[in-house]
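Read through the structure below, which is laid out as structure tokens, and then see the notes.
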Amino acid sequence: MSTSVQVVWFKRDLRCVDHAALAAAAKAGPVLALYVIEPNYWQLSDTSNRQWMFVRDALVDLQQQLAALGGQLWLAHGHVLEALSELHQVLPQFVLHSHQEHGNLWTFKRDQAVGRFCRGHQLTWHEYPQFGVVRPVQRRVGRFHEHWFDWMQQAQQTLPEHIAFVPPAWLESTSLRPLTIELLPTNLGTDAYLLRSRQQGGRREGLALLESFLTRRSEHYRGSISSPLTAVSSCSRLSPYLAYGCLSLKEIVQATESSRAKTVPIHWRKSLADFSQRLWWHCYFIQRFESHHRMEFQALVPATDKLPRPFDAERFAAWQHGRTGWPMVDACMRYLHVHGWINFRMRAMLVSAATYSLSLPWRPVAEWLAQLFVDYEPGIHFPQVQMQSGHAGNSILRIYNPVMQAQKLDPQGQFVRRWVPELRSIDAMWLFEPWLMPVHLKQQQGIDYPLPLVDFEQAHRQLKNDVSQLRKEHNLRPAHGFNERRSRTGSRSPSRKNTPPDNQLSLFD
């Protein structure tokens with residue numbers, strides 16, 4: 001071999017378009033496209049089989065993309081170091097290319113091990129950013145805003161017209177195999193509930209969603225993303241395709257800005273501007289996670305752990321399985337069981353119900369929801385749970401009243417009746433507060449639905465007292481970058497360079 005083999009290690013970047021690692025490798029020499037199925041990862045407490053099944057779809061789609069370029073995806077099973085060791089034996093001077101992964105602690109340590117392996121064997125490993133996040137650590141402070149806007153305006157990565165791929169004969173002595181559907185297991189992780197309506201993975205599905213959102217569904221994005229009734233169509237639904245890299249963030253940002261420039265109705269342009277802001281927040285949260293990596297396991301503000309939140313197995317199980325006695329909370333949890341997705345406002349309400357109303361510790365709550373979310377993105381998930389549970393030292397306690405949320409977001413009770421069938425025939429006056437219904441009426445109508453585990457008003461009076469006392473005793477301050485505020489200004493477009501946008505909830509300064 002006159003040139004070194006360029007190994008492209010696909011991780012959470014399952015596409016060929018705007019793929020910096022593949023583009024660089026294709027220009028340097030013969031390419032070996034590699035994906036490693038890592039069973040230990042899929043057995044973690046924050047991963048699940050529903051996520052793997054989405055990835056499985058995406059891998060089949062990626063194989064089709066590579067085949068169209070004249071190549072194929074090679075599959076390994078086990079620890080990535082085992083695959084790299086095998087490759088090193090038959091391709092001693094290969095060069096490794098991959099995107100930077102902003103994952104959980106397990107993937108971070110795995111990547112550290114890969115770095116040590118490459119240094120120990122005098123191998124070059126090139127890592128490329130795929131989000132607008134600044135690395136390394138010492139370069140983060142004060143550079144995020146400028147970096148994000150500059151990076152999103154750069155041209156997307158392009159592939160050369162012709163790509164040389166490694167001949168299969170070079171890999172005959174290894175355990176690597178060209179990907180086929182038969183080699184992809186269907187059961188790698190746990191899943192407590194049958195996922196009957198999961199989004200399908202892959203770039204083709206992601207592109208269809210992006211097109212439908214920008215040309216039709218985004219018109220009512222503004223004002224329609226809070227209710228679970230309207231969010232299912234008005235939200236972009238692109239989050240899992242971003243989480244696993246079926247689409248690149250840059251192509252979504254640029255396509256959104258292009259559509260906004262062509263859109264005439266002002267309300268539609270404002271909706272697209274709001275969506276652009278949320279793409280900015282996507283990277284902001286991940287940047288915070290990178291800067292406060294301990295938040296996966298520890299409270300951002302350690303003193304908040306002094307809040308009385310002991311683990312109560314009965315309360316936790318009731319919340320897990322949608323049997324809290326609060327219809328809107330239970331409807332959202334049951335919807336999540338089946339679909340693997342629910343909108344942001346309802347995710348926040350689920351965390352609030354668990355950690356504020358039921359006084360449960362945040363960590364098992366975070367793990368359970370992470371397993372249920374097909375679009376689980378650690379860099380977004382953990383900052384959100386920390387904020388919504390108060391462990392970021394937030395100045396604003398975001399306590400979601402499930403009765404008020406139902407009255408506002410599901411006024412006719414359609415969502416609750418659909419997902420809490422025990423209450424389907426109940427009179428509207430009792431639907432959101434069935435505990436107020438006289439016992440004899442419950443018996444007459446055969447209502448079998450639990451009472452709330454706690455009194456909402458009483459629990460939150462106690463919570464506010466506890467938080468107030470904790471703030472006085474420990475002089476609590478919000479964690480850096482998590483200082484929430486109420487916005488006094490109108491929405492600002494993220495296309496205005498170096499101007500941090502306000503989002504719907506005015507989360508950060």
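We number each residue from 1, following the sequence as shown. Note that the coordinates shown come from a computational prediction; the quantities given were computed from them, not determined experimentally.
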According to side-chain hydrogen bond (donor to acceptor under 3.5 Å, both in side chains), does anything in residues 349-362 pair up with another residue at least two apart or in another chain? List the pairs.
Ser357-His460
So, [X] versus [Y]: side-chain donor-acceptor pair below 3.5 Å or not?
| X | Y | answer |
| --- | --- | --- |
| Asp13 | His19 | yes |
| Arg217 | Ser212 | yes |
| Gln371 | Thr47 | no |
| Glu290 | His102 | yes |
| His321 | Tyr193 | yes |
| His220 | Ser234 | no |
| Asp466 | Gln462 | yes |
| Asp46 | Tyr376 | yes |
| Arg315 | Gln320 | no |

Under the 3.5 angstrom rule, does the side chain of [X] hit a backbone N or O of [Y] as a donor-acceptor pair?
| X | Y | value |
| --- | --- | --- |
| Arg363 | Glu296 | yes |
| Arg260 | Arg269 | no |
| Gln51 | Ser48 | yes |
| Arg15 | Gly245 | yes |
| Arg347 | Ile342 | yes |
| Gln199 | Arg237 | yes |

Output field: ring centroids [X]/[Y] closer than 6.0 Å:
| X | Y | answer |
| --- | --- | --- |
| Trp125 | His97 | no |
| Phe275 | Tyr221 | yes |
| Phe285 | Phe131 | no |
| Phe373 | His381 | yes |

Output all residues satisfying side chain to side chain contact (heavy atoms under 4.5 Å, CB included) with His480, sequence neighbours left out; order by chain, then residue number.
Arg288, His292
Nearest non-hydrogen partners of [X] and [Y], listed with the distance:
| X | Y | answer |
| --- | --- | --- |
| Pro240 | Asp375 | N-CB, 3.5 Å |
| Val55 | Tyr35 | CG1-OH, 3.6 Å |
| Arg418 | Arg424 | O-NH2, 3.3 Å |
| Gly340 | Leu195 | N-CD1, 3.4 Å |

Carefully, step by step, assess Phe10 and Leu14 under the rule side-chain contact (heavy atoms from CB on, under 4.5 Å).
CA-CA 6 Å; Phe10 286 89; Leu14 305 179; 4.1 Å; yes
Once salt bridge (Lys or Arg N to Asp or Glu O under 4.0 Å) is applied, do any residues pair with [X], and if so which ones, sequence neighbours excluded?
| X | answer |
| --- | --- |
| Arg198 | Asp57 |
| Glu127 | none |
| Asp191 | Arg50 |

Side-chain polar contacts of residues 297-307 - donor-acceptor pairs under 3.5 angstrom, sequence neighbours left out - could you list them?
residue	atom	partner	partner atom	Å
Thr304	OG1	Val301	O	2.6
Thr304	OG1	His391	ND1	2.7

Trp52 and ring pair (Phe, Tyr, Trp, His ring centres under 6.0 Å): which partner among Tyr41, Tyr244, Trp42?
Trp42
Any Lys/Arg nitrogen of Glu219 or Lys270 sitting under 4.0 Å from an Asp/Glu carboxylate oxygen of the other?
no
Quick one: sort the His99 and Tyr128 rings into parallel, tilted or perpendicular, breaks at 30° and 60°.
perpendicular
Ring geometry between Tyr335 and Trp419 (parallel below 30°, tilted from 30 to 60°, perpendicular above 60°):
perpendicular
Is there a side-chain contact between Arg203 and Leu62 in this structure, where contact means two heavy atoms from C-beta onward sitting under 4.5 Å apart?
no
Give the intermediate values and the outcome of side-chain contact (heavy atoms from CB on, under 4.5 Å) for residues Trp435 and Glu433.
CA-CA 5 Å; Trp435 56 89; Glu433 300 174 282; 3.7 Å; yes
